[in-house]
Amino acid sequence: MPELPDVEGFRAYIERTSLHKTIEKVDVRSPEILRGVSANKLVRMLKGRRLESTRRHGKYLFVQLDGGWWLLYHFGMTGQPRYFKDMSDDPRYDRVLISFTNGFHLAYDCQRKLGAVGVTESVDEFIRERKLGPDALDVDFAAFTEALHGRRGMIKSALMNQHILAGIGNIYSDEILFQARIHPITRVKYLSEKRLRELFDSMRRVLTAGIDHTVRSKALPDSYLLSHRGEGEMCPGCGCKVEKLRISGRTAYYCPECQGMG
DNA sequence: AGTACCACCTGACGGC
DNA sequence: TGCCGTCAGGTGGTAC
């Protein structure tokens with residue numbers, strides 16, 4: 001489930017808990033989640049180093065080491081960082097455990113192993129190699145329309161496509177489309193300038209609200225579709241029944257009344 | 001370029 | 001009780 005707002009919350013969490021502390025020990029419990037680096041190499045790279053700063057791009061979180069390289073996290077569906085002192089608080093699905101000389105630990109907790117941990121020398125190079133689009137909160141309206149330009153597919157697929165815009169997943173794409181009153185299967189090329197503007201505004205509003213609520217660990221307002229994301233639930237806008245649709249293997253929830261095809 | 005579909009992974013849940 | 005299918009969804013690969 002971690003999408004842009006959640007990962008931004010994780011970034012802030014690591015920022016306030018884990019920086020500037022010397023790494024004493026690294027324990028790779030599930031080496032299969034490592035990407036492009038062996039357990040031995042990761043341990044060698046981290047030991048004795050400090051985490052100095054953070055950066056997020058889309059759903060990726062990068063943490064810079066004092067040597068210049070970056071540790072990178074992708075949280076898949078169930079991943080999260082956890083900072084704690086007592087080993088009795090070590091999360092059940094801790095896959096990579098970093099222990100600092102101050103006695104505290106930073107765990108990469110990930111129940112389903114759909115996430116990844118790795119290293120990179122350059123964040124920009126990593127983004128280029130992965131062909132990630134610009135971060136969804138980093139684009140202005142011109143860059144937003146540029147990213148969507150020439151697309152013929154469905155708007156929900158486009159919003160979730162990390163090559164077009166990085167950071168939006170299934171849950172937030174539903175909310176963004178709901179608030180922009182756009183049906184998920186609408187073709188990108190049929191969106192007018194006005195509709196694109198409404199979509200862009202909705203995207204910014206929803207993502208920033210998501211960050212705000214994530215950081216304060218509060219639920220999103222009841223007026224959001226997210227709070228009613230289930231079959232047969234009531235639309236917070238008009239009260240009619242929320243419907244679901246299968247779009248390229250993902251379940252899209254939407255309000256057929258508020259998000260009519262026009 | 002876009003889409004459908006599969007696989008990865010683990011736990012919850014419903015049906016029988 | 002317990003077995004089975006299905007679902008959740010981020011990503012990546014394949015086939016069309």
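Excluded from the calculations below are hydrogen atoms, water molecules and symmetry mates; all remaining heavy atoms, backbone and side chain alike, are included. Letters A, B, ... are given to chains in the order of the sequence lines, protein chains preceding strands, and every chain is numbered from 1.
- When atom types are taken as modelled, the side chain of A:Gln259 and the backbone of A:Ile182 share a donor-acceptor pair closer than 3.5 angstrom.
- A:Glu198 is linked by a side-chain hydrogen bond (donor to acceptor under 3.5 Å, both in side chains) to A:Lys194, A:Arg195, counting only residues two or more places apart in sequence or in another chain.
- In this view, A:Arg50 and A:Glu52 satisfy the side-chain hydrogen bond (donor to acceptor under 3.5 Å, both in side chains) rule, not counting sequence neighbours.
- Listed for the A:Glu3 side chain is a donor-acceptor partner under 3.5 Å among the backbone atoms of A:Gly169.
- Residues of residues 161-173 of chain A having a heavy atom closer than 4.0 Å to DNA chain C, listed by number: A:Gln162, A:Gly169, A:Asn170, A:Ile171.
- Between A:Leu226 atom CG and C:dA8 atom C1' the separation is 15 Å, expressed in whole Å.
- Comparing B:dT10, B:dA1, C:dT11 by their closest approach to the side chain of A:Arg152 singles out B:dA1.
- Salt-bridge check for A:Arg55 with A:Asp135: failed, with every basic side-chain N at 4.0 Å or more from each acidic carboxylate O.
- Ring planes of A:Phe62 and A:Phe126: perpendicular class, angle over 60° (limits at 30 and 60°).
- DNA chain C lies under 4.0 Å from at least one heavy atom of each of the following residues of residues 73-80 of chain A: A:His74, A:Gly76, A:Met77.
- Under the side-chain contact (heavy atoms from CB on, under 4.5 Å) criterion, A:Asn102 pairs with A:Lys21, A:Tyr83, A:Phe100, A:Phe104, not counting sequence neighbours.
- Computed from coordinates, the A:Arg92 CZ to B:dC9 C1' distance equals 14 Å when rounded to whole Å.
- With sequence neighbours excluded, the residues that form a side-chain contact (heavy atoms from CB on, under 4.5 Å) with A:Glu257 are A:Cys238, A:Cys240, A:Cys255.
- Within the structure, a side-chain polar atom (N or O) of A:Arg229 is placed less than 4.0 Å from OP1 or OP2 of C:dG9.
- The side-chain hydrogen bond (donor to acceptor under 3.5 Å, both in side chains) pairs that include a residue from residues 158-178 of chain A are A:Lys156-A:Asn170, A:Lys156-A:Ser173, A:Lys156-A:Asp174, A:Asp174-A:Arg229, A:Glu175-A:Gln179, where partners are two or more places apart or lie in different chains.
- A:Lys113 has no side-chain polar atom (N or O) that falls below the 4.0 Å cut-off from OP1 or OP2 of C:dG10.
- Axis angle, first five pairs versus last five pairs of the helix from B:dG2-C:dC16 to B:dC16-C:dG2: 50°, rounded to 10°.
- Of the candidate nucleotides B:dT3, B:dG11, B:dG2, B:dT3 has the atom nearest to the side chain of A:Ser157.
- No more than 12 heavy-atom neighbours from other residues, nucleotides or ligands sit within 6.0 angstrom of OH on A:Tyr190.
- Scanning for side-chain hydrogen bond (donor to acceptor under 3.5 Å, both in side chains) contacts around A:Asp109 gives A:Gln80, with sequence neighbours left out.
- Rounded to whole Å, the distance from CD1 on A:Ile155 to P on B:dT3 is 11 Å.
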Extract from the structure each pairing of a protein N or O with an N or O of nucleotides 4-8 of chain B at less than 3.5 Å, listing the distance.
residue : atom : partner  : partner atom : Å
B:dA4   : OP2  : A:Ser248 : N            : 3.4

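- A:Ile185 has its CD1 atom 11 Å from the P atom of B:dT3, to the nearest Å.
- Salt-bridge formation is not detected for the pair A:Arg128/A:Asp124: no Lys NZ or Arg NE/NH1/NH2 atom is positioned less than 4.0 Å from an Asp or Glu carboxylate oxygen.
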Name each donor-acceptor pair under 3.5 Å that joins a side chain in residues 33-47 of chain A to protein atoms two or more places apart or in another chain, with its distance.
residue : atom : partner : partner atom : Å
A:Arg35 : NH1  : A:Tyr60 : OH           : 3.2
A:Ser38 : OG   : A:Lys41 : N            : 3.1

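- Remark: C1' of B:dC9 and CZ of A:Arg35 are 15 Å apart, rounded to the nearest angstrom.
- Atom C1' of nucleotide B:dA1 and atom CE of A:Met160 are separated by 16 Å, given to the nearest angstrom.
- Between A:Leu72 atom CG and C:dT11 atom P there is a gap of 13 Å when expressed in whole angstrom units.
- For A:Arg112 against C:dA8, a side-chain N or O and a base N or O form a donor-acceptor pair under 3.5 Å.
- Rounding to whole angstrom units, NE2 of residue A:His57 and C1' of C:dG10 are separated by 16 Å.
- A search for side-chain hydrogen bond (donor to acceptor under 3.5 Å, both in side chains) contacts involving A:Glu193 returns nothing, not counting sequence neighbours.
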